[in-house]
Amino acid sequence: MTSAAWNSLSKSNASFSSMSDISMPDLPNLPGIRRDLSAINPKLYKEFKASKSQIFSKIEEDSNSVTSFFDDPNRIMDLSKSLSHFPNQSGSFNDLTGRYSIRSQQQDRRNNHRSLPFSSLDGKKSFVNSNKLVCTFIAFFTENFEKTIGEQSRKVHIKFHLEDNTIEVVEPRVENSGSINGQFLKRHQVPKPKFLVSEGDLPYYTIEDFYSAGVEIEMYNRVFVIVDCDDATKNYFEERGMPFGAPLKLPNSVYDPTRRPGATRGSSRASTASATGGKSKGKPKVLGAFEFGRKVLRFYGVWDCRASLFGDELKVKLHYSLADGALEIVPVHERNGGRDRLPKYLKRTQVMKEREDFMNTTAASIDEYSLAGYSSSGLISSGSMLALLGEGPGIEPPQAYHWKDLTIGMRIPVASLDILLIDADEFTREFYNSKEIPLAPPIELPKPIYPDVSNEPIPPLIPKPIKTMEEKKKANIYMGVVLQFQAILDNPKEADKSRQFVIQYYMENDTVQIMEPQVRNSGHKGGVFLTRCKLENSLNPPDIYLGAVVSILAHKFVVLDADLYTLKFMENHTEIWRQCELSQIVKKIKTKKEVLQRVMLTYPGLTSVYLNLPLTQEIFERAGLDMIKQEVCTVFRQVDSLRTGTIKMTKLLRFVVDL
């Protein structure tokens, strides 16, 4: 407390004498003074009460008077320290009585961090002291398969999380091992066996149980033997004065996929050759899958097939697998190459080298019935056939291409392919350099020579027809105008009765296209029925309208309907379609006006009947009017101004009466 505050407080002591009858509970919740001191922090209140017992004893003696407590300045200093926002030190780990603003709390949550100001860190919990610390141990466990392979051990990594004493067991992944590797035991607190738990001990494993190499840890009826740990774990034990000790070796029964049956071939051929006294020629061995895995050598080559029909100089890639010595030939696709994008020319397989001494066999390799007797007897003996096939005694079996045989500039005949190796990628060159067999520089192919092309424009293969002035004018007027009509076949077969078509007429050049809508389970594919073309028997626009029968090639179509755009276009061009001229239609109706009125007035339900286009055409036919469907549609559209597709009988009657 500053001197100015202390002087102001001493001057106000006189006013406190008048408040001698006020007790502590009567004071309001003012800053620095609370009615219940234990409400601030119970843990801090207990520590304060234990350390300041004398102050509280004097407060209890003079609890009925507030002024008696503030008479001594030392008491006020002690009380202000106990109630300050910045206590000197707390003995509790979770004490957050220091200044810890909301913004600081939010920032600590984002950083996954927790600030503990003004608190003692001597008794902090393990999850704070060992946050994200993991000890990794190398162990093995043994399984007994009596009926099959006997005892077999498996290597695992035991990860002990120090923050919460949880254990996770992971089996390291080994490629091509034939077993499912990965997480063997999920992370959790592993309980100890009941016979290992004594009074006062924790029921689950702790880091003290992994104190040295050779320790056996029993988890769920499996005994894991610790043999080693990583460097971080060793440093952790050494800092606490618990040396881990020398690592142990894994037993011979630990499963090693590189030693499984069939993984690598033994020297049976060499031993057989030495036992029989023969000479085993040194055959280069493939490096193996466990030494190089999936590493592949890549060569760039050229397949020159220009001697064949439509042949060309095609670029290919040759892949050589170091694991098993298999070859693969893949084409290099170029943009706009004009060839099918085949996935590969040769699938992954071993390719045998050519036999130069195929027929140069010794006499001992052919029996008494030699090839000389083939013409007389007509038969080939077994020894001669083996000689022809490159087999038999004294004949070396064919050998596959080895990576030592592949060089820049060599030719590899594979089936009908003759591949010339011209280059290799960086990894392949580095591999050969590491084996002290450097590859030759890449071969540059000569550039193709093309004939000189003059600057004159090349005439088109198919000459375009020359348009007349009338055709150009028509194309400019009706550009983009497409009339669409719905039609069916005239006199169709039983299978074609359900088929419908859309006739598209292009006004700009009088071309026609017919589409067939797709209908599921109809038996017809649908789609384009006739591609856009100009018919020989030119179909003119006046020839196609509602109700007309149109002949297109070998088919006859009955036009049933048209879209709104087509009907509106036809009504606006009555000079082409006379069937859409309303004045001519009205003249026809006036000739049978009285009969038409009588038919509509005698129609049942006159006031409530709604007519569509077929019913309207039926009423006109009852009145004896000879009108085609296009003329009826024009009248119907004149009455149906809202384009709803239906009209009332009374509205049509009013239209006829007003004529």
Side-chain angles (χ1 to χ4, degrees), residues 465 467-468 470-471 473-475 477-519 522-582 584-585 588 612-618 620-621 625-638 643 645:
K467 293 183 179 180
T468 61
E470 294 181 359
E471 292 177 347
K473 186 177 180 180
K474 184 178 180 180
I477 295 174
Y478 298 113
M479 183 176 293
V481 177
V482 183
L483 306 181
Q484 299 190 26
F485 300 90
Q486 182 183 2
I488 60 174
L489 290 173
D490 188 21
N491 297 325
K493 297 180 181 179
E494 188 65 27
D496 298 333
K497 287 184 178 180
S498 61
R499 301 178 70 179
Q500 294 186 355
F501 303 90
V502 177
I503 301 175
Q504 299 176 346
Y505 190 91
Y506 294 83
M507 291 290 295
E508 56 183 349
N509 54 3
D510 296 331
T511 55
V512 178
Q513 180 176 352
I514 302 178
M515 305 292 294
E516 183 179 4
Q518 294 181 355
V519 180
S522 64
H524 302 285
K525 183 178 181 181
V528 179
F529 185 79
L530 176 65
T531 57
R532 182 179 175 181
C533 63
K534 194 167 185 177
L535 303 176
E536 294 181 358
N537 300 329
S538 59
L539 181 66
N540 298 321
D543 299 336
I544 182 168
Y545 51 86
L546 270 64
V549 179
V550 182
S551 296
I552 300 176
L553 298 181
H555 299 277
K556 289 185 177 181
F557 297 91
V558 180
V559 181
L560 300 180
D561 200 357
D563 59 357
L564 296 178
Y565 173 78
T566 302
L567 295 174
K568 186 177 180 180
F569 183 83
M570 295 170 67
E571 293 172 359
N572 294 334
H573 295 78
T574 55
E575 70 278 2
I576 301 176
W577 289 276
R578 294 294 181 181
Q579 302 86 354
C580 299
E581 191 172 355
L582 187 61
Q584 298 295 331
I585 301 173
K588 284 187 179 182
N612 53 13
L613 184 59
L615 287 177
T616 306
Q617 187 176 5
E618 183 181 350
F620 281 105
E621 290 177 355
L625 288 171
D626 186 14
M627 298 175 62
I628 61 176
K629 192 173 183 179
Q630 183 66 53
E631 296 175 342
V632 178
C633 181
T634 304
V635 176
F636 186 86
R637 285 172 53 81
Q638 186 67 23
R643 305 291 184 263

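For reference, positions follow the sequence shown, starting with 1.
Salt bridge R499/D496: present, at least one basic N to carboxylate O contact under 4.0 Å. A salt bridge links E581 with R578: the closest approach of a Lys/Arg side-chain nitrogen to an acidic carboxylate oxygen falls below 4.0 angstrom.
Between L567 atom CG and L546 atom CG the span is 6.0 Å, to the nearest 0.5 Å. Remark: L483 CG to I544 CD1 distance equals 8.0 Å, nearest 0.5 Å. Taking CG of L539 as the start and CG of D510 as the end, the distance is 8.5 Å to the nearest 0.5 Å. Q484 CD to Q504 CD: the interatomic distance, rounded to the nearest 0.5 Å, is 4.5 Å. To the nearest 0.5 angstrom, R532 atom CZ is 11.0 Å from Y505 atom OH. The line from CG of N509 to NZ of K534 is 7.0 Å long, rounded to the nearest 0.5 Å.
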Check against side-chain contact (heavy atoms from CB on, under 4.5 Å), R637 and L564 = CA-CA 10 Å; R637 285 172 53 81; L564 296 178; 3.8 Å; yes
ask   = Can you check side-chain contact (heavy atoms from CB on, under 4.5 Å) on Q638 and T634, steps first, answer last?
value = CA-CA 6 Å; Q638 186 67 23; T634 304; 5.9 Å; no
message = Go through it in stages, so that I can follow the logic: the residues are Y565 and V482, the test is side-chain contact (heavy atoms from CB on, under 4.5 Å), and I'd like the CA-CA distance, side-chain angles, deciding distance and then a yes or no.
response = CA-CA 9 Å; Y565 173 78; V482 183; over 6 Å; no
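At least one side-chain heavy atom of L553 sits less than 4.5 Å from a side-chain heavy atom of L530. L613 places a side-chain heavy atom less than 4.5 Å from the side chain of V632. Contact of the Y478 side chain with the H573 side chain is registered, since non-hydrogen atoms from C-beta on lie closer than 4.5 Å. Side-chain contact between V550 and D543: absent, with no pair of heavy atoms (C-beta onward) separated by less than 4.5 Å. At least one side-chain heavy atom of V635 sits less than 4.5 Å from a side-chain heavy atom of F620. Contact of the L489 side chain with the F501 side chain is registered, since non-hydrogen atoms from C-beta on lie closer than 4.5 Å. For the pair W577 and Q630, the minimum side-chain heavy-atom distance is 4.5 Å or more.
The closest donor-acceptor contact from the side chain of K629 to the backbone of L560 lies under 3.5 Å.
For N540, the CG atom is densely surrounded, since the number of other residues' heavy atoms within 6.0 Å is greater than 12. Under a cut-off of 6.0 angstrom, the local environment of CD in E536 is sparse, with at most 12 non-hydrogen atoms contributed by other residues, nucleotides or ligands.
Using bins of under 30°, 30° to 60° and over 60° for the plane-to-plane angle, the ring pair H555/F557 lands in the tilted bin.
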